[in-house]
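Notes for the one structure printed next.
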Amino acid sequence: MWYHLFKHVLLGPLLRILGRPEVVGLEHVPRSGPVIVAANHLAVIDSLYLALVLPRRVTFLAKQEYFTGTGWKGRCTRWFCTAAGQVPVDRTGGAAAADALAAATRILETGGVWAIHPEGTRSPDGRVYRGRTGALRVAIATGAPVVPVVLSGTDRVNPRGSRRWRCAKVRIHFGAPRYYPPAGARTDARTETDALMRELAHRSGRPYVDSYAATFAARGASAPGRGHRPHGRA
């Protein structure tokens, strides 16, 4: 109930006013059955816009910290994530990573839509970074198609470091689903993940960076175009 209330009454109308979302290719998302939606990641608000425009209910794996916060802000975050039907996972790696993939598999086994940002964290400069292989490993294991999605403009609605949302045009472009042979066919998750991320970069008109966004941000690296957010294609 809360999911639809947020989408259609409490939050959705505000998102539409702020971003005036332009959606292309929504027909590529299967109307039923399991599907993985894999999108680039520019802003915290990305997941809200994906849930807004997808006609089917979509589930994200939310980091466990969202469910364990304290104080007023922590309680509000925990309530929101729980009410929206998000699944808490420990993303510290090792066995925790396996638990996250198992949670995603359960979503797909019930015929649901699992949405993920393969980059794992927001792009520090608008470029498309190397993706984690989890989405492709789950796709290969379950046979669920992967729909690539390019978001643009969300980083202007929800700028990094700002608590205020602003008015800016949001574009969401869904590509044709990618299907993968079953696990026994020796499909390589790393190779296919790289191909997926390069497609997202190509569709967005943004450069591709063959390193993880988290690593780039941790180095405090300064690269040409850092802080520049090209409009690109969406």
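Owing to the predicted nature of the structure, the values given are computational and were not obtained by experimental measurement.
- In this structure a side-chain-to-backbone donor-acceptor pair under 3.5 Å is present from Arg56 to Pro30.
- Closest approach of Ile140 and Pro181 over heavy atoms only: CG2-O, 3.9 Å.
- Qualifying side chain to side chain contact (heavy atoms under 4.5 Å, CB included) partners for Arg75, counting only residues two or more places apart in sequence or in other chains: Trp72, Arg78.
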Show the atom names and distances, to 0.1 Å, of all donor-acceptor pairs under 3.5 Å that link a side chain in residues 41-48 to residues at least two apart or in another chain.
{"residue": "His41", "atom": "ND1", "partner": "Ala43", "partner atom": "O", "Å": "3.4"}
{"residue": "His41", "atom": "ND1", "partner": "Asp46", "partner atom": "OD2", "Å": "2.8"}
{"residue": "Asp46", "atom": "OD1", "partner": "Thr154", "partner atom": "OG1", "Å": "2.5"}
{"residue": "Asp46", "atom": "OD2", "partner": "Leu42", "partner atom": "N", "Å": "2.6"}
{"residue": "Asp46", "atom": "OD2", "partner": "Ala43", "partner atom": "N", "Å": "2.9"}

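- Residues satisfying the side chain to side chain contact (heavy atoms under 4.5 Å, CB included) test with Ala103, not counting sequence neighbours, are Leu61, Val87, Val89, Arg106.
- Between the His173 side chain and the Val24 main chain, no donor and acceptor come within less than 3.5 Å of each other.
- With sequence neighbours excluded, no residue forms a salt bridge (Lys or Arg N to Asp or Glu O under 4.0 Å) with Glu192.
- For Thr191, the side-chain hydrogen bond (donor to acceptor under 3.5 Å, both in side chains) test picks out Asp188, with sequence neighbours left out.
- The side chain to side chain contact (heavy atoms under 4.5 Å, CB included) search around Arg130 returns Arg190, Asp194, Tyr208, Asp210, Tyr212, not counting sequence neighbours.
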For residues 7-21, run the donor-acceptor check on the side chains, cut-off 3.5 Å, and write out each pair with its distance to 0.1 Å, sequence neighbours left out.
{"residue": "Lys7", "atom": "NZ", "partner": "Ala51", "partner atom": "O", "Å": "3.2"}
{"residue": "Lys7", "atom": "NZ", "partner": "Leu54", "partner atom": "O", "Å": "2.6"}

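- With hydrogens and angles ignored, the 3.5 Å screen pairs a side-chain donor or acceptor of Gln86 with a backbone N or O of Phe60.
- With hydrogens and angles left out, the side-chain atoms of Arg127 and Ser123 include no donor and acceptor closer than 3.5 Å.
- In this structure the side chain of Tyr129 never reaches within 4.5 angstrom of the side chain of Asn40, judged on heavy atoms.
- Listed by first then second residue, pairs satisfying ring pair (Phe, Tyr, Trp, His ring centres under 6.0 Å) with a partner in residues 139-164 number zero, not counting sequence neighbours.
- Residues meeting the ring-ring contact (aromatic ring centres under 6.0 Å, His included) test with Phe6, sequence neighbours left out: Trp2, Trp79, Phe80.
- Listed by chain and number, the residues in a side-chain hydrogen bond (donor to acceptor under 3.5 Å, both in side chains) with Thr59 amount to none (sequence neighbours excluded).
- Under the side chain to side chain contact (heavy atoms under 4.5 Å, CB included) criterion, Ala144 pairs with Pro34, Ile36, Leu108, Thr142, not counting sequence neighbours.
- Annotation: side chain of Val128 is not in contact with side chain of Val209 (no heavy-atom distance under 4.5 Å).
- For the salt bridge (Lys or Arg N to Asp or Glu O under 4.0 Å) test, residues two or more places apart in sequence or in another chain that qualify with Arg178 are Glu199.
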